[in-house]
Amino acid sequence: MFDIKLIRDNPDKIKESLKKKRTDLSLVDDALLLDKKRRDIIGEVEKLKAENNKVSGEIAMMKKEGKDASAVIAAMKIVSDKIKVFDGELAKTDAELNTKLLYIPNIPHESVPAGDDEKANVIVRHWGSKPSFDFKPKPHWEIAEYLDILDDKRAVKVTGARFVIYKGLGALLERALINFMLDVQTRENGYTEIMPPILINRDSMTGTGQLPKFENDAFKLVEPDYFLAPTAEVPVTNIHKDEILLDKDLPIYYTAYTPCFRKEAGSYGKDMKGIVRMHQFNKVELVKFVRPGDSYDELEKLTLNAESILQKLDLHYRVMLLSTGDMTFASAKTYDIEVWHPGADRFWETSSCSNFEDFQARRARIRFKDKENKVCFVHTLNGSGLATSRLFPAIIEANQTKDMEVIIPEVLRPYMGGIDRITKK
RNA sequence: GGAAAGGUGGCCGAGUGGCCGAUGGCAGCUGACUGCUAAUCAGUUGGUCCGGGAAACUGGGCCCGAGGGUUCGAAUCCCUCCCUUUCCGCCA
């Protein structure tokens, strides 16, 4: 969320930045008008309240001394009624202003390339190279069906389209991946493991920026007013909602595995093959709370932490710096990590690492006392480390043999009872 | 799900309509004393919003789980919701 003071002080600069993010600039003008109105009302009502407080004390004294206070009380009744009217106006204006501010996206960092969409993204680096095959590599859905490790047809019976059943060694591979990724992040990179709730209340969804604008993207319970977590970012970032941390507490690194639930609204008919775009998928998430001055260094480190998984799995990938038009609502700077799927003959995003600066912290009221004891907002970051729905296919496709077996990557074998390949039963 | 008791500042805990943003204790910070540690004494201690000021700071509003209500005046009375604890029920 935006600091209204920032908008008040340099509206043109803010508008210039938001233009790059394809934002309706009237939001900014509306917010400024409401801000002015709000402060005018506060000026009026607080004068009345100060008088009210003063005279109330005098009434108390008069009563104590046994004097008749009825004339003063009658006069204060009028003031009190006025205060109620002003307070009602103020509450209304506050709510309107807040709504405007909640719909204004974050400002992109100056290092982010300007552009309308993903075409303006910049390739930052590659790792590894496309594996070569002496046969035509198959897509993961064909291999998985042949090996009987994924079943999407029966998942339709259980739930519906865009759900999948992991079966046998497929389920074991999925579980191995999750454990492997958590172990790397906790043991090598200093993250604390979290297992959070995956039903989320409205305030937390607002805190990380999913609400109010993107309510249609999330699955929602009929009762109570809870949402299914679209990513562990939501429950884990909100762990410190409404807290004032101490300088010595920072930085905080959390990692969490959760299933993630997304409606994928607007993508009907797209990417229906395989498991790359499911309503439910598994993801290990990395979340950081850091001092403002450190957040861009921390973003680089976080991205490398996510990449390290792909390196250990020996999977070819590239890192993209997203353009202003391709970034999400809350982010100030985002790197996407895209892993190569040889069978599909394309890269797929398997991680998105973002610095939100104080955007989420302001919404979720996550602050800390700095060395001078001043209360300020922390910076929050997160990134997938990684999403299995894009990683599992990459592993299957990159490690396939001519006769449709899958070689298990070395690092996963300890997690799979030592087996080195998945074969047809 | 049923019944009861509660939610007060970093922590403990007092306060049932009028100088209560809140007694007291602990912890923290500052100073004094002490060779050091400890002890003792004195002072001090939150958040947020609006205004003034370059700033230190300062004037005012609001904050006693959340939101409403009654009243000239609410931590205190009333209503709704949330949460905690205990007992009963149910249950992986």
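Below, chain A is the first sequence line, B the second, and so on; all start at residue 1.
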In dot-bracket form, how is RNA chain B paired, counting a Watson-Crick or G-U wobble pair only if both its distances are under 3.5 Å and using | for bases paired to another strand? ((((((((.[[[..)..(.....]]]((((((.......))))))(((((((....))))))).[[[[[..)....]]]]])))))))....
Interatomic distance, CG@A:L97 vs NZ@A:K92, rounded to 0.5 Å, equals 13.5 Å
Quick one: label [X] by what it contacts on the DNA or RNA (base, sugar-phosphate, nothing), any heavy atom closer than 4.0 Å.
| X | value |
| --- | --- |
| A:K5 | sugar-phosphate |
| A:V375 | sugar-phosphate |
| A:R202 | nothing |

If you measure from the [atom1] atom in [N] to the same atom in [M], how many Å do you get, rounded?
| N | M | atom1 | result |
| --- | --- | --- | --- |
| B:A22 | B:G15 | C1' | 8 Å |
| B:G18 | B:A75 | C1' | 13 Å |
| B:C64 | B:G46 | C1' | 13 Å |
| B:C11 | B:C87 | P | 26 Å |
| B:C63 | B:A74 | P | 9 Å |
| B:C72 | B:C57 | C1' | 34 Å |
| B:A54 | B:G7 | P | 47 Å |
| B:C62 | B:G69 | P | 15 Å |

Result for 5'-nearest mapping on RNA chain B, choosing between A:K77 and A:A50, is A:A50
Between A:I4 and A:K47, which has a closest nucleotide on RNA chain B that is more 5'? A:I4
If I take atom [atom1] in residue [X] and atom [atom2] in nucleotide [N], what distance separates them, rounded to the nearest angstrom?
| X | N | atom1 | atom2 | answer |
| --- | --- | --- | --- | --- |
| A:K49 | B:C72 | NZ | C1' | 15 Å |
| A:I366 | B:G47 | CD1 | P | 18 Å |
| A:F86 | B:C62 | CZ | C1' | 17 Å |
| A:E44 | B:G60 | CD | C1' | 14 Å |
| A:L90 | B:G68 | CG | P | 11 Å |
| A:E46 | B:G52 | CD | P | 13 Å |
| A:K241 | B:G47 | NZ | C1' | 18 Å |
| A:I244 | B:U45 | CD1 | C1' | 14 Å |

Any carboxylate oxygen within less than 4.0 angstrom of a Lys/Arg side-chain nitrogen, looking at [X] and [Y]?
| X | Y | answer |
| --- | --- | --- |
| A:E372 | A:K374 | no |
| A:D151 | A:K167 | no |
| A:E46 | A:K49 | no |
| A:K312 | A:E188 | yes |

Respond yes when some side-chain nitrogen or oxygen of [X] is under 4.0 Å from OP1 or OP2 of [N], and no when none is.
| X | N | answer |
| --- | --- | --- |
| A:R38 | B:G61 | no |
| A:N53 | B:G61 | yes |
| A:R367 | B:G47 | no |

Do A:Y296 and A:V290 make a side-chain contact, defined as non-hydrogen atoms from C-beta onward lying under 4.5 Å apart? no
Is the closest side-chain heavy-atom distance between A:L6 and A:K13 below 4.5 Å? no
What are the two closest heavy atoms between A:A306 and A:C353, and how far apart are they? CB-SG, 4.3 Å
Against A:Y254, only a single residue in A:H240, A:K288, A:Q185 fulfils side chain to side chain donor-acceptor pair (under 3.5 Å); can you say which? A:H240
Which atom pairs link the protein and nucleotides 14-21 of chain B when you take only N or O atoms and keep those under 3.5 Å?
residue : atom : partner : partner atom : Å
B:G18   : O6   : A:K63   : NZ           : 3.4
B:G18   : N2   : A:S56   : O            : 3.3

Which listed nucleotide (B:U70, B:G47, B:C72) is nearest to the side chain of A:K84? B:U70
Kindly assign one of parallel, tilted or perpendicular to the pair A:Y253 and A:Y191, based on the angle between their ring planes and the thresholds 30° and 60°. tilted
Angle between ring planes, A:F180 versus A:Y415, binned at 30° and 60°: parallel, tilted or perpendicular? perpendicular
